[in-house]
Number of protein chains: 4
Amino acid sequence: MPQDPGSTRIGRPRSEESRAAILDATWRLLKTTTLRDLSIEAIARESGVGKTTIYRWWPSKVAVVIDAFLANALLATPYPERSSSIEAITQQMASLVQALSGEYGHILAQIIAEGQANPDALDSYRNHFVNHRRAEVKAIIQRGIENGEFTPGLDPDLAIDILYGPIYYRLLVGHLPLDQQFAKELPEWAMKALKPT
Amino acid sequence: MPQDPGSTRIGRPRSEESRAAILDATWRLLKTTTLRDLSIEAIARESGVGKTTIYRWWPSKVAVVIDAFLANALLATPYPERSSSIEAITQQMASLVQALSGEYGHILAQIIAEGQANPDALDSYRNHFVNHRRAEVKAIIQRGIENGEFTPGLDPDLAIDILYGPIYYRLLVGHLPLDQQFAKELPEWAMKALKPT
Amino acid sequence: MPQDPGSTRIGRPRSEESRAAILDATWRLLKTTTLRDLSIEAIARESGVGKTTIYRWWPSKVAVVIDAFLANALLATPYPERSSSIEAITQQMASLVQALSGEYGHILAQIIAEGQANPDALDSYRNHFVNHRRAEVKAIIQRGIENGEFTPGLDPDLAIDILYGPIYYRLLVGHLPLDQQFAKELPEWAMKALKPT
Amino acid sequence: MPQDPGSTRIGRPRSEESRAAILDATWRLLKTTTLRDLSIEAIARESGVGKTTIYRWWPSKVAVVIDAFLANALLATPYPERSSSIEAITQQMASLVQALSGEYGHILAQIIAEGQANPDALDSYRNHFVNHRRAEVKAIIQRGIENGEFTPGLDPDLAIDILYGPIYYRLLVGHLPLDQQFAKELPEWAMKALKPT
DNA sequence: CACTAAACGAGACGGTACGTCGAGTCTTGGA
DNA sequence: TCCAAGACTCGACGTACCGTCTCGTTTAGTG
């Protein structure tokens, strides 16, 4: 995911072909193994690329996987433009539950898991998947506070955790499914915590 | 009079000494490595025990770790006997946040992480750490519904996820700390979702 | 192969049943594995006997095997009573080649092989299979020297090596078979080295 | 013009340094242990080489040992150019007895022993140490038959076994030493079996 | 008939080595 | 300068036996 912006580099240029082959192979392999059991060796083998090439451009397995994820699965679930903050969030939460119930959820879970043994991986995850999203919803919540949908004095960070925490909890612990009913009821009930009495 | 089943086992009896040494060493090693980097080989080396002995009694690394966890950190955080369900839960949530903010939280996170690549581990985690706890709080919530503290029609499972999800979210994603403020505010706000309007 | 001759021992006497079971199992296993791959563990398993019992009565794997060999295969090939030394030896050599061409030869070879890494085993082999046989044939050769069949001044030890060495050479190196032709021609030709010119 | 096969191999070339270190360590270890007790693990440890590297280039322990043997002990004992076949063979036999009485004999014995449990090892032994030597002496014997030194109708294979069998017999069974006297007397006497009367 | 004492089966114990896999690094020739 | 190929050291995997040990049980003789 690197590289020298702007200047004209000398020597043989990076092979776009290899880059694509690596990300493709990674994505393909992730469908049949877990991130933990995925090996750089296997990626190199599967993509017909030298191990060195992978090590040259990515610092770690997770970095490759995150790139592969970004290349293959944008995981949009945008916040719809609505007059109401509550409606916008509710709708997005439902989309997210739906999205995470499948393959994407599985891989995201693997990335978070990897992050427990690997601070860089967790950092990377937060930078690519968390921070931007939280900023976005934080703005919407702020707006909700201002227009009276939410309790004044509400801490947006805490609010986000209350709304989204349950989703990741189920994703990672798996005690109950990320199903339609959950997608519908979670926003309904959790949102009550944010509304003024 | 009932006969103790399997009481008189033949052959050399299991060495309690070895068992303890293994769990001790595991716990000790977990403080300096991650579960993923912990190896059976290292446990054997550190505890002065043959690898065979470990494999004889535990099916996997995680199983040892869970036993070590249970032996070293009961992670009590019981629900205090209170007249009010809300008070009982509030208090326990605060204790839990406090407990998970340290070493125990770190190791629990590792176990959940391991579970993402290893269904048996996740199962084991749920059986040892989740199911019992959820049943307990479910009963308290039920009581709260009955005595009017909580909205009739509230799904206890969903309620639990709203209350505790944020804790595990922060534990695993680490975007914000499990600090005192969180321990105080989360129950206050999240509980609002459960109360009748 | 031990035990306290004469005195009346107290305590539970050695189990003849176990002894037989061990030798049987050993013999049975030797037909499908090599001596090297034969394990005490397997003998115990196969004979339904505790490992301890084997270690109590035999100092090593080879000792068991030699006992099993002696119990199951006396490997007679006696020297026939003949007027002529040459005829007696010739006949016995042919019998020996025949005997060693099959299962017994295979196992004897294994024992000699084991002996290369294990002086005790080689000693044991010589005591049980070599010394007595050599003494016997030495006497016959001596007689042959005296009655003029063999050259005066012939060293019986050297003579034995010339006669029998080729047999063990083929047995162990396996470059050529221990077949009927060899059984017939070896004595014919080798004997010429011993006769007076 | 024939193309050098495998000449321009790509990838990192094999490390001659490692190869030498492995053979050296093997040879060194063989002086203090037996082939049976020699472990690949120990060779790797002693030579400072990864186990993988050994397994990459040799299929088995014996293969390494044979290479180490060939590298360290060519065991020349050539047949001197002589007018007389008898003299040539006599001389070489004496050299061989001398050579096998020491370290080389010990290791050769180990290899033959290993061969009893391992057909590939025995094959390897024959290919590297036996076949060529036998062909050589066979030619000399043939010449001896033609020029009247040996009995017409003599089977060279049988002749070789009569001459050399006793040497290997003593080497492997160890009932008598491979000493100077044996080196002198064996050819004298055994040769008589081959000569015309 | 109780008592002693050795042998017995079962099986757990600390070890060593097995042959394999992947990690991350290094070293070639060719593009 | 990049790339593929592939060799390098290292360390862990889970398994098989080693020879020793500790049990409860069995089987005789002796008192």
Side-chain angles (χ1 to χ4, degrees), chain A residues 9-15 17-18 37-45 47-57 59-61, chain B residues 7-19 21 37-45 47-57 59-61, chain C residues 4 8-15 17-19 37-45 47-57 59-61, chain D residues 7-19 37-45 47-57 59-61:
Chain A
R9 318 272 271 85
I10 70 171
R12 178 175 175 177
R14 175 170 185 187
S15 157
E17 206 171 344
S18 291
D37 295 344
L38 177 69
S39 65
I40 300 254
E41 203 109 0
I43 297 175
R45 211 183 301 128
S47 61
V49 141
K51 274 202 287 178
T52 326
T53 304
I54 301 177
Y55 282 111
R56 201 184 337 263
W57 299 109
S60 71
K61 188 168 67 174
Chain B
S7 73
T8 41
R9 309 266 283 89
I10 72 172
R12 178 174 175 175
R14 178 170 186 187
S15 157
E16 171 55 30
E17 206 172 343
S18 292
R19 194 189 140 275
D37 294 343
L38 176 69
S39 66
I40 299 256
E41 204 109 1
I43 296 175
R45 211 182 302 126
S47 62
V49 141
K51 272 202 288 178
T52 324
T53 303
I54 301 177
Y55 282 112
R56 199 183 341 259
W57 298 109
S60 70
K61 187 169 66 174
Chain C
D4 196 340
T8 328
R9 317 273 271 84
I10 71 171
R12 178 175 176 175
R14 177 170 184 188
S15 159
E17 206 172 344
S18 291
R19 194 189 141 278
D37 295 343
L38 176 69
S39 64
I40 299 253
E41 204 111 0
I43 297 175
R45 212 183 300 126
S47 62
V49 141
K51 274 202 287 178
T52 326
T53 303
I54 301 177
Y55 282 109
R56 196 177 350 253
W57 300 109
S60 71
K61 188 168 66 173
Chain D
S7 74
T8 40
R9 309 268 279 91
I10 72 174
R12 177 175 177 175
R14 177 170 184 187
S15 157
E16 171 54 31
E17 205 173 344
S18 291
R19 193 188 141 279
D37 294 343
L38 176 69
S39 65
I40 299 257
E41 205 109 0
I43 297 175
R45 211 183 301 126
S47 61
V49 140
K51 271 200 290 178
T52 324
T53 302
I54 301 178
Y55 282 111
R56 201 186 337 265
W57 299 109
S60 70
K61 188 169 65 174

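Residue numbering restarts at 1 for every chain, and letters A, B, ... go by the order of the sequence lines.
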Next on the checklist: Applying salt bridge (Lys or Arg N to Asp or Glu O under 4.0 Å), can you list everything that pairs with Glu17(B), at least two apart in sequence or on another chain?
Outcome noted: none
Item to check | Whichever of Arg19(B) and Asp37(A) has its nearest DNA chain E nucleotide further upstream toward 5' | outcome: Arg19(B)
Item to check | DNA chain E contacts made by residues 48-55 of chain A, counting heavy atoms under 4.0 Å | outcome: Lys51(A), Thr52(A), Tyr55(A)
Item to check | Distance under 6.0 Å and angle within 45° of ring axis: Arg19(D) vs Trp57(D) | outcome: no
Checklist outcome for this item: Winner on side-chain proximity to Pro13(C), out of dC18(F), dA23(E), dA28(F), is dA28(F)
Next on the checklist: Taking side-chain hydrogen bond (donor to acceptor under 3.5 Å, both in side chains) as the definition, give me every residue that meets it alongside Ser60(B), ordered by chain and number, with sequence neighbours left out.
Outcome noted: none
Checklist outcome for this item: Applying side-chain hydrogen bond (donor to acceptor under 3.5 Å, both in side chains) to Ser47(D) and not counting sequence neighbours gives none
Item to check | Value in whole Å for how far the P atom of dT20(F) lies from CZ of Arg12(B) | outcome: 13 Å
Checklist entry - Does Lys61(D) have any salt bridge (Lys or Arg N to Asp or Glu O under 4.0 Å) partners at least two apart in sequence or in another chain, and if so, which? => result none
Item to check | Which residue lies more 5' along DNA chain F, comparing Glu41(B) with Leu38(C) via nearest heavy atoms | outcome: Glu41(B)
Checklist outcome for this item: Comparing nearest nucleotides in DNA chain E, the 5'-proximal residue of the pair Ala44(B), Gly11(C) is Gly11(C)
Checklist entry - How would you list, by chain and number, every residue that makes a side-chain hydrogen bond (donor to acceptor under 3.5 Å, both in side chains) with Ser15(D), sequence neighbours excluded? => result Ser18(D)
Checklist entry - Given atom CD1 of Ile43(C) and atom C1' of dC18(F), what is their separation to the nearest angstrom? => result 13 Å
Next on the checklist: Quick check for you: among dC18(F), dC18(E), dC13(E), whose closest atom lies nearest to any side-chain atom of Arg14(B)?
Outcome noted: dC13(E)
Checklist entry - Rounded to whole angstroms, how far apart are CD1 on Ile10(D) and P on dG6(F)? => result 5 Å
Next on the checklist: In this structure, how many angstroms lie between the P atom of dG14(E) and the CD1 atom of Ile40(B), rounded?
Outcome noted: 14 Å
Next on the checklist: Taking only side-chain N and O atoms of Arg45(D), does any of them lie within less than 4.0 angstrom of OP1 or OP2 on dC10(F)?
Outcome noted: no
Checklist entry - Quick one: is Trp57(D) getting a side-chain N or O under 4.0 Å of the dA7(F) phosphate, OP1 or OP2? => result no
Checklist entry - Any side-chain N or O of Ser18(A) under 4.0 Å from OP1/OP2 of dA4(F)? => result yes
Next on the checklist: If the cut-off is 4.0 Å, is Arg56(D) near the phosphate of dC8(F), judged by side-chain N/O to OP1 or OP2?
Outcome noted: yes
